[in-house]
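Residues: numbered from 1 along the sequence shown.
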Amino acid sequence: LQRTNAELRHAMNQLAQSEKLAALGALVAGLAHELNTPIGNAVLTASTLADQGRDFTARLSVGLTRSALQQFIATVCEGSEILQRNLQRTAELISSFKQLAVDQSSYQRRTFALEEVLREIALALSPTLRRSPATLEVAIAPDLRLDSFPGPLGQVLMNLISNALVHAFAGRERGVIRIESMPAAPGRVGLRVSDDGNGIAPAHLSRLFDPFFTTRLGQGGSGLGLHIVYNLVTGLLG
């Protein structure tokens, strides 16, 4: 029995690690999807500017009118602004995802803005949200800073949101997932994650955080997502 229990604990730890790797995989997929637009815009603008440059050079040999010169300058200025805007967006996305990935892969304690972590999570999940009938609403008190573990906190919130997206809105045309902060004991903050979805069957409530319990057996559910949430919230996050 002792050997069997040890093997089960080892198997659970391996599955939990797999869940964390799957979360990181979702971050990478989200990053690739989000980067596609600004990089595509930048490439298109750079190509247009190159074409305009070649055309301008060809015109130099036959002489330029004042209007042609003004048009070229206007095109270069507009293209430069578009490039700068899209490259800045790309840099912000990479920075945001980099921090989120570092937090997800390590349990490092640091001071952080709660609103910033929520923004990074919303960004990571945006491709999934766009394919679902649900929208994500975030109502976090401004300038709220925590001295805590942003990685585990982010993993908890991502698991809860992902769980809602999988279960809450089947057969629905629209829905809302909401994350909000509220006053709590001194030095602490309350976080509520809620949705207006289909709800949970009463028979399942007592088993909600049990390891390996899933209502989607054979459909990709491991039954560990909410178990990990429970362990992180009641353990590391206190």
Could you give the side-chain donor-acceptor pairs of residues 183-195 under 3.5 Å, partners two or more places apart or in another chain?
{"residue": "Arg188", "atom": "NH2", "partner": "Gly238", "partner atom": "O", "Å": "2.9"}
{"residue": "Asp195", "atom": "OD1", "partner": "Gly197", "partner atom": "N", "Å": "2.8"}

inquiry  = Quick test of your reading: applying ring pair (Phe, Tyr, Trp, His ring centres under 6.0 Å), list the pairs with at least one residue in residues 39-68, sequence neighbours left out, ordered by first then second residue.
reply    =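 Matches after skipping sequence neighbours: Phe56-Phe72.
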Checking [X] side chain against [Y] main chain: does a donor-acceptor pair fall under 3.5 Å?
| X | Y | answer |
| --- | --- | --- |
| Asp196 | Val176 | yes |
| Asn86 | Asn41 | no |
| Ser47 | Val43 | no |

Handout entry: Separation between CD of Glu115 and CZ of Arg145, rounded to the nearest 0.5 Å
Key =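 It comes to 11.5 Å.
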Does the side chain of [X] reach to within under 4.5 Å of the side chain of [Y], using non-hydrogen atoms?
| X | Y | value |
| --- | --- | --- |
| Leu125 | Ser162 | yes |
| Arg172 | Asn198 | yes |
| Ile39 | Leu87 | no |

Report task. Please name the residue in the list Val233, Asn231, Leu226 that meets the side-chain contact (heavy atoms from CB on, under 4.5 Å) test with Phe209. Result ->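 Looking at Val233, Asn231, Leu226, the match for Phe209 under the side-chain contact (heavy atoms from CB on, under 4.5 Å) is Leu226.
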Passing candidate, side-chain contact (heavy atoms from CB on, under 4.5 Å) with Leu114, options Val138, Leu144, Asp143
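Exactly one option meets the side-chain contact (heavy atoms from CB on, under 4.5 Å) with Leu114, and it is Leu144.
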Inset, instruction - Could you tell me which residues satisfy side chain to side chain donor-acceptor pair (under 3.5 Å) with Glu137, sequence neighbours excluded, listed by chain and number? - result: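 Residues passing side chain to side chain donor-acceptor pair (under 3.5 Å) with Glu137: Arg178.
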| Heavy-atom pair with the smallest gap, counting every atom of Ser181 and Ile140 |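 Smallest heavy-atom distance, with atoms named: OG-CA, 3.6 Å.
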Inset, instruction - Check Ile179 against Leu118 and note the closest heavy-atom contact, atom names and distance. - result: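 Looking at all heavy atoms of both residues, the closest pair is CD1-CD1, 3.4 Å.
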Q: Check the surroundings of atom CD in Glu78: do more than 12 heavy atoms from other residues, nucleotides or ligands lie under 6.0 Å from it?
A: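 Result for CD/Glu78: open.
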